[in-house]
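Numbered from 1 within each chain, the chains take letters A, B, ... in sequence-line order. Note that this is a predicted model, so its numbers are computed, not measured.
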Amino acid sequence: MINFGFLLLGRLNLEAIPSDFVTRVGAIMVLLAPLSVAIFLTITKRWKWLYKNWLTSLDPKKIGVMYIILATIMLIRGGIDALMMRANQAISVGSSNGFLSANHYQQVFSAHGTIMIFFAAMGLMFGIINLAVPLQIGARDVAFPFLNAVSFWLFSAGAILVNLSLVIGVFSIAGWLAYPPLSELKYSPGVGVDYWIWSLQIAGIGSLLSGINFIVTILKMRTKGMNLMKMPVFVWSVLGCLSLVIFAFPILTATLALLTLDRNIGTHFFTAGGGGNAMMYVNLIWAWGHPEVYILVLPAFGIFSEIVATFSRKRLFGYTSMVVAIWAIVLLSFSVWLHHFFTMGAGADVNAFFGIMTMIIAIPTGVKIFNWLFTMFRGRIWLSSQLYWFIGFVFLFTIGGVAGVILAIPPADFELHNSLFLVAHFHTMIVSGVLFGYFAGISYWFPKIFGFKLNDYLGKIAFWCWCIGFILAFGPLYILGFMGATRRLNHYSASLGWQPLFIVAGIGVLIIALGVAVQILQIGWSIINRKIYQDKSGDPWDGRTLEWSIPSPAPKYNYATISVVDSIDQFYEDKKNKKKPSSNYEDIYLPKNTPFGLLIGLIALTFGFAFVWQIWWLVILSLIVLLITLIIRLSNQDMEYLIPAEQVKKMDLKARGIN
Amino acid sequence: MEEENVLNQELVIERNDKSILGFWIYIMTDCVLFASLFATYAVLHTNTFGGPSGKNIFDLNYVFIETLVLLISSFSCGMATIAAFKNKKSMTIIFFGITILLGLTFLIMELSEFHHLALIGDSWTRSAFLSAYFTLVGTHGLHISIGIIWMIIIIGLILKKGLGPHNLRKITMVSIFWHFLDVVWIFIFSIVYLMGVIK
């Protein structure tokens, strides 16, 4: 007999709704957040405004802001996961078992890692790239504005899918990288791993498309005279980062596809039986995963390069060596992946090679640190919150880097593998390197996008919360790692004496949470008092690069007239020489708004959801709808509108406050 | 009005330029995707798990005909592109039609090979070697199917809007895609079939 229920709804049934208390609270939170936003929009009658100005926009500045908002929400979601883990670890000792069941605890740490890397860090990164790259190269747009919107909406679809797993069904218990055989059908028969696969697959394709888009933007759309060696270092770092994206993300796509095949049609790539090889998955996923670390950190390095030069009021020390260091990192990052599993048993020679390569990659990073410090040396330093983040970064990143070099020694790694020492190491790198950099970058470019600065005092308080909280949260983990505490531990014996250290770590996470609260307060306070913090000059930091030559907030066409560049810090030179901006206005073509990006995101979400629950008719239907949507969009040739030169002139003079 | 058209034309050329560079970069990412699958195949091709090895199941004569069909389709795709740039509308459509037919022939041959293997019990569930084989060759076949659908759409666009710069850009892209699939097939032919038969 045909099972009509399965044909219609696949694996989906009422049991998918969470039954235990903690998950229910989470599910209600996930549902309440968009609901309250929807009610707010309805009351203030802003649906149309949201749709016209944001959801259908192809302006990279707006897409960037949407990326950052979504990534911040995901950062908070991942942060709540972290709080739950630390709270559980602080009390789950001896006879007490904490408030999370083992299964739920596994879901929480899997979700925490997945969300923080793919949706918080990657989202902030693409957000900042969208905001700053076109402005810094003097371009009016990105190479493929529509593709950019598609990337964003695919990213959103992935993010929604992860959160949906909290409401309908479960999430993966197999850790953030879902190693087989645990992630295989035999050991994870539920929908958790499928949710993980499809949220990553969809968001990953978005990242790949974004990578292609911005590489073409940087290579083809630089303003007059800006040859490669005159690009701002941030743009260089983004070019390096995106080169890694286009080489690494296809590996992720392939790996996830192979795991999907294993789980859905019974192939034997990574299974325990049938001749499969689970270690191949680990190799493949880290061949993507290690470059991914550098994908995240390179733009942060670029941001710091801009900030240090600007706030030291000095040209960046060693521009060429910075560029060389970026490309050294790009090349080397593909030759170190095996250090994530020295314990695999590849043999002494292989381990020695990867150990040495790992130590070598620390050299270009060291070059960059010294360049920044030499830039500050004898500079006229303006100790703003952005520079606070930088100084905190240098301090913490160096500690984390030294821990990394210890881990790069294979015999030491055999002791420390999968211990909390490792957890402390990579959190030091990612929090201080990536997050601090992105926070600094957001507050640095904030006035250019919104027209007013953020309150600096609250920014500094947020920094101290993050910095002190971080040391308290992860300092103990280094010690616990040496004492033998492993990662993903949800219960330990009281006799080990670990509890006090776990409690300190928990307090640290609370202080970090306070820092996040201060940051939200900082944004709210600055919005309310935006008149006071208004940036009338367009150049609030005495900037050096092109984006500060235009009014704030940046107009939708970015540059009213084309800038000409013949030195690295062109705008700074222009200010020194009192050079007036060109008045050579011309017609500007900009892309029209379109709902197709949003539509493709919705289709991808439907497709992912249907695949997770094996609702096959919906999978096929969404593919057909996708094809039709693409045909309609791609055969449309009328995609731009024109702003005549006269009007550009009027708008520009008004924005500059002349007339 | 005249001037606006000129500007528009420049805009179109500039955009075509960017699109084609972007498409080349996409092809590179697809290369990496295939490289991952080739690496997987290289690791797993000896894991036959008691099932057949390549030597037992590959029929070189059959694959040789498949290869010839695909190579000729690449040639006709090239001819279609040349005709398009010479503004010969009907020739373009005819050559794309030939390419589609040859592509379909290739696809049917591949599917019947798969079907035959599945019938004798050597499907992708039999062993890791067969999983890797079906996935690598099947991914190529999936690309071929996408190429065929794309060419059908392009023929529709040519009939509707002629050979303007927009359509020329799409024709350039689809021909890059098709030649790329040809190159990938050469690797599949050498690494999977030829080396499989030798061992």
Spacing of [atom1] belonging to [X] relative to [atom2] belonging to [Y], to within rounding of 0.5 Å:
X	Y	atom1	atom2	value
B:Thr139	A:Leu261	OG1	CG	7.5 Å
A:Leu634	B:Leu157	CG	CG	9.0 Å
A:Ile265	B:Phe134	CD1	CZ	9.5 Å
B:Lys18	A:Leu219	NZ	CG	12.5 Å

* Do A:Lys220 and B:Glu14 have side chains that get closer than 4.5 Å, going by heavy atoms? ->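 No, every pair of side-chain atoms sits at 4.5 Å or beyond.
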
* Asked: With a 4.5 Å limit on heavy-atom distance, are the side chains of B:Leu37 and A:Leu258 in contact?
  ->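 Side chain of B:Leu37 against side chain of A:Leu258, heavy atoms only: contact under 4.5 Å found.
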
* **Residue selection (most heavy-atom pairs with chain B, distance under 4.5 Å) from A:Phe269, A:Phe144, A:Phe249** =>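 Maximum pair count with chain B is reached by A:Phe269.
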
* **Donor-acceptor contact below 3.5 Å, side chain B:Ser131 vs main chain A:His268** =>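 Looks like yes, one N/O pair under 3.5 Å.
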
* **Contacting moiety of B:Leu130, where chain A heavy atoms sit under 4.5 Å** =>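 For B:Leu130, there is no contact with chain A at all, as no heavy atom is under 4.5 Å.
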
* Quick one: side-chain contact (heavy atoms from CB on, under 4.5 Å) partners of A:Phe247, sequence neighbours excluded? ->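 Partners of A:Phe247 by the side-chain contact (heavy atoms from CB on, under 4.5 Å) criterion, ordered by chain and then number, come out as A:Phe334, B:Met28, B:Val32.
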
* For chain A, which residues from residues 84-99 of chain B have at least one heavy atom closer than 4.5 Å to it? ->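 Residues of residues 84-99 of chain B touching chain A at under 4.5 Å: none.
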
* Closest non-hydrogen atom pair between B:Thr125 and A:Gly266, with its separation ->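 The answer is CG2-O, 3.1 Å.
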
